[in-house]
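Have a look at the structure below, then the notes.
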Amino acid sequence: MKNWWLISLWLFSALAMAGVEVHEFKTPEQEQQYNRMVEELRCLVCQNQNLADSNAELAQDLRQEVYDMIQQGASDKEIIDFMVARYGDFVLYRPPLKSTTLFLWIGPFVILGIGVLVLLFHIRKRRAAQEPELNEAELEKARQLLNNDRNPS
Amino acid sequence: MWRYLAPLGIFIVLVIFLSIGLKLDPREVPSPLIGKPAPSFTLPNLKQAEQMINPDDFRGKVWLLNVWASWCVSCRAEHPVVNELAKTGEVIIVGLDYKDGLEEGRQWLRQRGDPYIASAYDEDGRAGIDWGVYGVPETFVIDKKGIVRYKHTGPLTMKDVTDTLLPLVRELKKEPA
């Protein structure tokens, strides 16, 4: 075959693009743990990406760090503690409930509560406005109008 | 009356929150290291690879750790400030050459001046991870007991040096070792 090299180029072209990082794991559980961790941890350089998505050099280093720790049998908690000790709660997409993060966690519910209260207040006010007091003569007139409507002659 | 005042009130509160938000720097991540012992490392001196540098070497002194790299553009802007700071002679500055090439790092110091009493050469960035470095340049202030007392992220300006770093260093020098 003359064009064997062309075919081989075509066959191996995917490797050129896939050559970012290849990690081998001893067990599927370790691989799952790795994927879970790099999803959970935030990249500090490009702040709206997690470690898994980021291509920043620091993210690559931290992925390697997570991989090494998993190889040594570290638990999820150990990995997260390691990262938090160095980069603070900021590396977590789900920060722990502490006095400094209290507003972050309950804030939305407080605002929702205020919204519901304002809504209830408004509904009550509108309902009161919609029921005007009528005197006997006006009621009689209304009854007549309604009856006329009901029995069109 | 309320019908007009309430939206105005909400608008003012929003403006206040948004203007606070504008002034906050999202890149400023508070360091959990403050108040904790300086993370240890043993790294070769950039200029003399046979000499090892360890944070314990500076125990009993107030010192700065300035993280830099020859590939870091902001460090270029910061370097003259670090040179000026070194000239005051008020504090010793240790460099941490983060994920740099040996020759590039040495050349940087030759060309731009060397304000550091020594630069630890952190080739693979492991020491950087232990110090929670996420954006070079970064500057840490370490007290006599070896506790990290302050961290500055991003390039130092002369204003940072005169308003924050030097007053803090003078305070820390008064503390017992």
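Naming convention: chains lettered A, B, ... in sequence-line order (proteins, then strands); numbering from 1 in each chain. The figures here come from the full heavy-atom set of this structure, side chains too, leaving out hydrogens, waters and symmetry mates. None of these values were measured; they are calculated from a predicted model.
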So, for B:Tyr134 and A:Leu44, which heavy atoms are closest and what is the spacing to 0.1 Å?
CB-CB, 3.6 Å

Examine whether an atom of A:Val91 lies under 4.5 Å from a heavy atom of chain B, and if so say whether it belongs to the side chain, the backbone or both; otherwise answer neither.
neither

With B:Ile129, the side-chain contact (heavy atoms from CB on, under 4.5 Å) member among A:Arg86, A:Met83, A:Gln64:
A:Arg86

What part of A:Glu65 gets closer than 4.5 Å to chain B, counting heavy atoms only: side chain, backbone, both or neither?
side chain

Which label fits B:Tyr150 and B:His152: parallel for a plane angle under 30°, tilted from 30 to 60°, or perpendicular past 60°?
tilted

Can you say whether B:Lys36 sits under 4.5 Å from chain A via the side chain, the backbone, both, or neither, judging by heavy atoms?
neither

Return the orientation label for the B:Tyr98 and B:Trp71 ring planes: parallel under 30°, perpendicular over 60°, tilted otherwise.
tilted

